[in-house]
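To keep things clear, I will list the structure first and then write my remarks on it.
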Amino acid sequence: MKKSSGTKAELLEEISALKQKIKELEYSDSDRKQTAEMLLSASNYNRNLIEVSLDPLVTISHDGKIMDVSASTEQITGCSRLDLIGTDFSDYFTDPEKAREGYQKVFVEGKVTDYPLAVRHASGAITEVLYNASVYRNEQGEVIGVFAAARDITERKRAEDKLRGVLVELERSNKDLELFASIASHDLQEPLRMVASYTQLLAERYEGQLDEKARKYIAYAVDGAIRMQRLVNDLLTYSRVGTHGNPIETTDSHSILGEAIRNLATTIEESKAIVTNEELPMVRADASQLVQLFQNLLANAIKFRAENFPHVHVSARDEGCEWVFSVRDNGIGIDRQYADRIFVIFQRLHTRQEYPGTGIGLAVCKRIVERHGGKIWFESETGKGSTFFFTVPK
C-alpha cells in the first residue's frame with residue numbers, strides 16, 4: 001500500500017510540476033507576443049516618422065548598403081523601396097566617390113552637416129541636395145548605421161544663380177554710372193566753366209550798353225551753368241559712394257560729428273543754428289563717408305528750418321547688434337506722403353526758389369548707410385520738425 005501511495009504522490013507532484021510548467025510556458029508565450037507587438041509598434045512608428053518627412057530619408061549600414069528609405073527617396077531616385085534596399089548608397093549620385101566619402105565620414109566623426117551632393121534620377125534628371133547625417137546606435141551604444149536626410153536645394157540654387165545674374169548686371173550698371181560720372185566730371189565741366197565765364201565776361205564787356213532784359217538773360221545763363229556744375233559734381237559724389245570709399249574701420253563717431261560741424265561752421269553761424277549732441281560711440285565705418293553723412297543731414301536740418309532758429313540734436317542708442325543714430329531738428333517737417341520720394345536721386349519736394357540744392361543729398365546718405373550694411377528712415381510731422389534715423393551694424 002505504501003508503495004502505491006508513494007507512486008501516487010509522485011504522480012501528483014509530476015502533474016503539479018507539469019501544470020506549473022504549462023503556466024510558465026503560457027506566461028512566456030504571452031511575453032513573447034507582447035514583445036513582438038511592441039517591436040511591431042516601434043517599427044510602425046519609425047516607418048511613420050520616416051514617411052511624414054518631405055525630405056528624402058535613408059538609413060545606411062556599415063558597408064554602405066541601403067537599409068531603408070522614405071517615399072521621398074523613391075521619388076527623387078525614381079526607384080522603388082524594394083529596389084533601393086540592399087543596394088549601394090553611393091550608386092544614386094553623380095559623384096559616387098564623394099557620396100561614399102560622405103557616409104564614411106559620418107561613421108568616423110558621428111555626423112556631417114550640409115554635405116553637398118547631386119542625386120541622379122532613373123530618368124537622368126539631376127537634383128542638387130545638401131545631406132545632413134548622423135550615426136544611430138543600439139541599446140548597448142554600438143553604432144549600427146547612419147541616418148541621412150537630404151534637403152532639395154534646387155530652388156535655392158536657382159535663386160542664387162538669379163542673384164548672381166542680378167549682381168553681375170548691377171556691377172555692370174555701376175561701372176556704366178561711374179564711367180558716365182567720370183566723363184561728366186571732366187568732359188562736361190570745362191564747357192560749363194566756359195559758358196559761365198564767357199557769359200560773365202560778356203556782361204562786364206558791355207556793361208551799361210545792355211538793357212534790363214539782356215542783363216536778366218545773362219544772369220539766367222550764368223545761373224544755369226553754375227547749377228549744372230553742381231549737378232555734375234553731386235552726381236559724381238553719388239556714383240563714387242560704393243566704388244571709391246575707404247576701408248571700414250573702427251572710428252570715433254563723436255569726433256566724426258565734430259568734423260562735420262566744423263565743415264558747416266559758416267552755415268551754422270549765418271543761420272544762428274544750435275547743434276547739440278550726446279556722447280556718441282565707436283563704430284565700424286568709413287570715416288570720410290560718415291563725415292559726409294552727418295554733414296548732409298545737418299545741412300538739411302539747417303536749410304529746411306522754420307521761422308525760429310534751427311536746433312539740431314544728434315544722439316545714438318545701442319540696439320544690441322547695431323547702433324541707431326538720430327538727427328532731430330525743429331524745422332518745417334516732411335509730409336509722410338513723400339516718404340517714398342525723399343531718398344530718391346534728384347527728387348525735390350520744394351522749388352529751387354524756396355530752397356537751393358540739387359535734390360541728391362539724401363540719396364547720397366542712403367547709399368552711404370547701405371554701403372555700411374544699415375538702413376535709413378525718418379519720422380516727421382509737418383511744422384514740428386523731423387528726425388532722421390540710420391543704423392550702423394556692430
Side-chain angles (χ1 to χ4, degrees), residues 234 237 241 246 248-336 338-339 342-343 349-350 354-394:
D234 285 349
T237 299
V241 168
N246 295 320
I248 292 178
E249 300 172 336
T250 301
T251 187
D252 184 358
S253 62
H254 192 93
S255 299
I256 293 296
L257 175 63
E259 185 176 344
I261 292 173
R262 286 191 294 275
N263 292 344
L264 293 170
T266 302
T267 301
I268 292 172
E269 183 180 355
E270 290 176 349
S271 63
K272 296 182 172 56
I274 299 172
V275 180
T276 58
N277 64 275
E278 298 173 13
E279 190 64 30
L280 301 179
M282 301 292 291
V283 295
R284 297 276 301 164
D286 176 340
S288 63
Q289 289 189 344
L290 194 56
V291 169
Q292 188 175 14
L293 175 60
F294 275 129
Q295 193 168 313
N296 284 3
L297 292 176
L298 292 175
N300 266 12
I302 294 171
K303 181 198 297 186
F304 297 103
R305 57 184 178 271
E307 294 180 359
N308 52 341
F309 293 128
H311 180 198
V312 189
H313 184 71
V314 182
S315 63
R317 68 177 186 269
D318 189 345
E319 289 292 335
C321 61
E322 63 186 7
W323 289 101
V324 179
F325 287 82
S326 64
V327 180
R328 186 180 73 246
D329 65 56
N330 61 342
I332 61 174
I334 306 168
D335 194 318
R336 290 300 304 176
Y338 301 119
I342 197 167
F343 295 107
L349 306 185
H350 306 277
E354 293 175 298
Y355 297 98
T358 59
I360 201 174
L362 288 177
V364 170
C365 289
K366 186 172 185 287
R367 275 179 70 90
I368 291 174
V369 171
E370 289 177 346
R371 188 210 164 198
H372 286 74
K375 56 184 181 294
I376 186 170
W377 72 98
F378 75 93
E379 294 176 1
S380 183
E381 187 175 349
T382 305
K384 295 186 178 180
S386 306
T387 302
F388 280 83
F389 301 90
F390 66 90
T391 62
V392 179
K394 290 184 178 179

(message) Assess whether a salt bridge exists between Lys375 and Glu322, defined as any Lys/Arg side-chain N lying under 4.0 Å from an Asp/Glu carboxylate O.
(response) yes
(message) Is the shortest side-chain heavy-atom distance between Asp329 and Pro310 below 4.5 Å?
(response) no
(request) Kindly give the heavy-atom pair with the smallest separation between Gln292 and Ile368, and that separation in Å. (result) OE1-CD1, 3.8 Å
(request) Please check if the side chain of Arg284 supplies one atom and the backbone of Pro393 the other of a donor-acceptor pair under 3.5 Å. (result) no
(request) Report yes if the side chains of Thr250 and Val283 come closer than 4.5 Å at any heavy-atom pair, otherwise no. (result) no
(message) Distance check, rounded to the nearest 0.5 Å: Ile376 atom CD1 versus Thr391 atom OG1?
(response) 9.0 Å
(request) Kindly give the heavy-atom pair with the smallest separation between Met282 and Trp323, and that separation in Å. (result) O-NE1, 3.8 Å
(message) Looking at every heavy atom in both Leu290 and Ala285, which two are closest together, and how far apart are they?
(response) CD2-CB, 4.1 Å
(message) Between Phe325 and Ser253, is there a side-chain heavy-atom distance shorter than 4.5 Å?
(response) yes
(message) Could you go through Leu362 and Leu297, starting from their C-alpha distance and side-chain angles, then the distance that decides it, and tell me whether this counts as side-chain contact (heavy atoms from CB on, under 4.5 Å)?
(response) CA-CA 8 Å; Leu362 288 177; Leu297 292 176; 3.8 Å; yes
(request) State the OG-CZ distance between Ser380 and Arg328, to the nearest 0.5 angstrom. (result) 13.0 Å
(message) A quick test of your reading: do over 12 heavy atoms of other residues, nucleotides or ligands sit less than 6.0 Å from CD of Glu319?
(response) yes
(request) Taking all non-hydrogen atoms of both residues into account, name the closest pair between Ser315 and Ser326 and its distance. (result) OG-OG, 2.7 Å
(request) To the nearest 0.5 angstrom, please state how far the OG atom of Ser386 sits from the CG atom of Asn300. (result) 9.5 Å
(request) Only counting residues at least two apart or in another chain, list the ones meeting salt bridge (charged side-chain N to carboxylate O under 4.0 Å, His left out) with Glu379. (result) none
(request) Please state whether the rings of Phe389 and Trp377 are parallel, tilted or perpendicular, taking 30° and 60° as the class boundaries. (result) parallel
(request) Using the salt bridge (Lys or Arg N to Asp or Glu O under 4.0 Å) rule, collect all pairs that involve residues 253-267, keeping only residues at least two apart or in two chains. (result) none
(message) Which residues pass the side chain to side chain donor-acceptor pair (under 3.5 Å) test with Lys394, not counting sequence neighbours?
(response) Asp318
(request) Can you sort out the partners of Phe388 under ring pair (Phe, Tyr, Trp, His ring centres under 6.0 Å), two or more places apart, ordered by chain and number? (result) Phe378
(request) Only counting residues at least two apart or in another chain, list the ones meeting side chain to side chain donor-acceptor pair (under 3.5 Å) with Thr276. (result) His311, His313
(request) Look only at the side chain of Arg305 and the backbone of Ile302, and say whether a donor-acceptor pair between them is shorter than 3.5 Å. (result) yes
(request) Could you pull out the closest heavy-atom pair between Gln295 and Asn263, with the gap in Å? (result) OE1-ND2, 2.9 Å
(request) Would you mind reporting whether Lys303 and Thr267 have side-chain heavy atoms less than 4.5 Å apart? (result) no
(request) List for me each residue that meets side chain to side chain donor-acceptor pair (under 3.5 Å) alongside Thr387, sequence neighbours excluded, and say none if there are none. (result) none
(message) Please report the interatomic distance CD1(Ile256) to OG1(Thr251), rounded to the nearest 0.5 Å.
(response) 4.0 Å
(request) Find out whether Leu298 and Ile268 are in side-chain contact, i.e. whether some heavy atom of one side chain is under 4.5 Å from a heavy atom of the other. (result) no
